[in-house]
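Only heavy atoms go into these numbers, but all of them, side chains included; no hydrogens, no water, no symmetry mates. Residue numbers begin at 1 in each chain, while the letters A, B, ... track the order of the sequences.
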Protein chains: 2
Amino acid sequence: MTQPAPRERILQTAAALFSKHGYRAVGIDTIIRESGIAKMTLYKHFPSKDALIAAYLEQTNAGFWRWIDGITSAHDDPKTQLEAIFDGVAKLSSSPACLGCSFTHAAAEFPDFDHPGHAIALLHKQQVLERLTQLSRAAHAADPLGLAQDLMLAMDGAWSAARVFGGGNHGSRAGATARALIAAQTKATNSPAA
Amino acid sequence: MTQPAPRERILQTAAALFSKHGYRAVGIDTIIRESGIAKMTLYKHFPSKDALIAAYLEQTNAGFWRWIDGITSAHDDPKTQLEAIFDGVAKLSSSPACLGCSFTHAAAEFPDFDHPGHAIALLHKQQVLERLTQLSRAAHAADPLGLAQDLMLAMDGAWSAARVFGGGNHGSRAGATARALIAAQTKATNSPAA
DNA sequence: AAAAATATAGACAGGTCTGTCTAGTAGCGA
DNA sequence: TCGCTACTAGACAGACCTGTCTATATTTTT
């Protein structure tokens, strides 16, 4: 087999088009054409456009966590892990290749919470918030949930900047922003030899 | 005259529908029906849907600055003004009535920078960043541009949270987040009796 | 090699979209 | 009362949308 299986080619094409142009702006016919897959084949693998959108978001969610795990696994200290994550956010969000957050965009285009796109987006953000809370707790933050929420604002602000400003935006500040927020909760309260 | 002029009624209806459902999801026919205005009247006032979107965003931008000016005019000290702005962001973004940022959504739905919706959104965000920079400078921040960028991330993170999570989200943290960021740049460096 | 599953190409239905056209109505100043 | 302007109501064109159908070809499995 010289080419990937149809399902993978569809998802790959859908990912490129959805992340770049949005969900409503991209029609099934465009995905068909760009992927070179027959329409019936697409509808066999994904019963509807919403199902394709959901599959794309699930795939993107999995990729996000692989990215996060790749970053955190390179460090031991939770505080350093948090800083490394936001250095990664800074680098990625300010790069020209970044098109913003697919989950945020899904929530924007599908405001109905029952829509699978919004539901997956909400779940994703809840999971990110939870992970940041765990890391904040492990880093002995004075208020772990509060710090996680602070950091979450910075992260989503960076993704927003990527979409609105394009490459070279102030998302590059996310690392510094996170350091200031982390320091505010760990410097004073952390007496190593207490 | 018992009713507002047609142009105002169109803009009012468009504002409600665009902010709630998005731009592509709302058709001209829906705006016609909801506003009770004839289609030809709409196209007389706004030559195209894009022009209507642009007019809506301009109106929203003006309202945003009225809101900001209302907050800042109640305080004299720039640092206090910044804190008050983010208390306002916290309150608004976490309220159930908040549907997120119309400019962010415009950039999400119209990725092309030449699209009037994206262009106005970009300009708006640049203006906000500039205003935050001015206030940071006036507040004697160690790095005014850096602080403004930090705060910008927090603000856009709050709007994002509003859309994804709905009411009662972690955007309510924006005031505390901003205070931590402002303090990190003004506490140590500010010696009143130097 | 036969059979079964899978993919292709494209027509098609029914709906929605933006923007235009026509014809008629209401209000208002001269 | 006349004439001008603004608004209304709805048909309409042409394009695009999702999802289905048919008929054929290709691949895989038995």
Side-chain angles (χ1 to χ4, degrees), chain A residues 1-57 105-106 108-112 114-118 120, chain B residues 1-57 105-106 108-112 114-118 120:
Chain A
M1 55 166 172
T2 66
Q3 292 212 78
R7 191 177 196 278
E8 305 313 313
R9 285 174 62 192
I10 294 166
L11 268 177
Q12 194 174 319
T13 305
L17 294 172
F18 284 153
S19 62
K20 187 171 187 179
H21 303 288
Y23 300 98
R24 298 193 115 103
V26 175
I28 292 291
D29 286 341
T30 306
I31 297 172
I32 297 306
R33 194 183 343 112
E34 297 282 312
S35 65
I37 296 297
K39 190 176 253 191
M40 279 310 287
T41 306
L42 185 149
Y43 274 100
K44 189 175 184 179
H45 288 287
F46 307 98
S48 68
K49 185 184 176 182
D50 279 354
L52 175 57
I53 290 169
Y56 157 67
L57 287 170
H105 297 165
E109 289 206 59
F110 309 115
D112 184 357
D114 291 334
H115 188 286
H118 197 134
I120 294 170
Chain B
M1 57 168 171
T2 66
Q3 290 212 81
R7 191 175 196 278
E8 305 314 312
R9 285 173 64 192
I10 294 166
L11 269 176
Q12 195 175 320
T13 306
L17 294 172
F18 284 153
S19 63
K20 186 171 188 178
H21 303 289
Y23 301 97
R24 297 194 117 102
V26 175
I28 291 291
D29 286 341
T30 306
I31 296 172
I32 296 306
R33 196 185 338 111
E34 297 281 314
S35 65
I37 296 297
K39 189 177 253 189
M40 279 309 288
T41 305
L42 186 148
Y43 274 100
K44 188 175 183 179
H45 288 286
F46 307 97
S48 68
K49 185 183 178 183
D50 279 354
L52 175 58
I53 291 169
Y56 158 67
L57 286 170
H105 297 165
E109 288 205 59
F110 310 115
D112 184 356
D114 291 333
H115 189 285
H118 197 133
I120 295 171

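Below 30°, between 30° and 60°, or above 60°: for B:Phe110 and B:Tyr23 the angle between ring planes is between 30° and 60°, a tilted geometry. Relative ring orientation between A:Phe18 and A:Tyr56 is described as tilted, the plane-to-plane angle lying within the 30° to 60° band.
Side-chain contact between A:Asp29 and A:Lys39 is present, with heavy atoms from C-beta onward closer than 4.5 Å. Looking only at side-chain heavy atoms (C-beta outward), A:Ile31 and A:Phe46 stay at 4.5 Å or farther from each other.
Note: CD1 (A:Ile28) to P (D:dG19) measures 7 Å, nearest angstrom. Between A:Ile37 atom CD1 and D:dT27 atom C1' there is a gap of 14 Å when expressed in whole angstrom units. Here D:dT18 presents its C1' atom at 7 Å from NZ of A:Lys39, a figure rounded to the nearest Å. Atom pair A:Lys49:NZ and D:dC17:C1' shows a separation of 8 Å (rounding to whole Å applied). Between B:Arg24 atom CZ and D:dC17 atom P there is a gap of 10 Å when expressed in whole angstrom units. Counting to the nearest Å, the P atom of D:dG19 and the CD1 atom of A:Ile10 are 14 Å from each other. Here D:dC17 presents its C1' atom at 12 Å from CD1 of A:Ile31, a figure rounded to the nearest Å. Between the C1' atom of D:dG19 and the CD1 atom of A:Ile32 lies a distance of 11 Å, rounded to the nearest Å.
In summary, contact between chain B and DNA chain C, defined as any nucleotide atom under 4.0 Å from a heavy atom of the protein, begins and ends at C:dT18 to C:dT22 in the 5' to 3' direction.
The residue among A:Met40 and A:Gly27 whose nearest nucleotide of DNA chain D lies closer to the 5′ end is A:Gly27.
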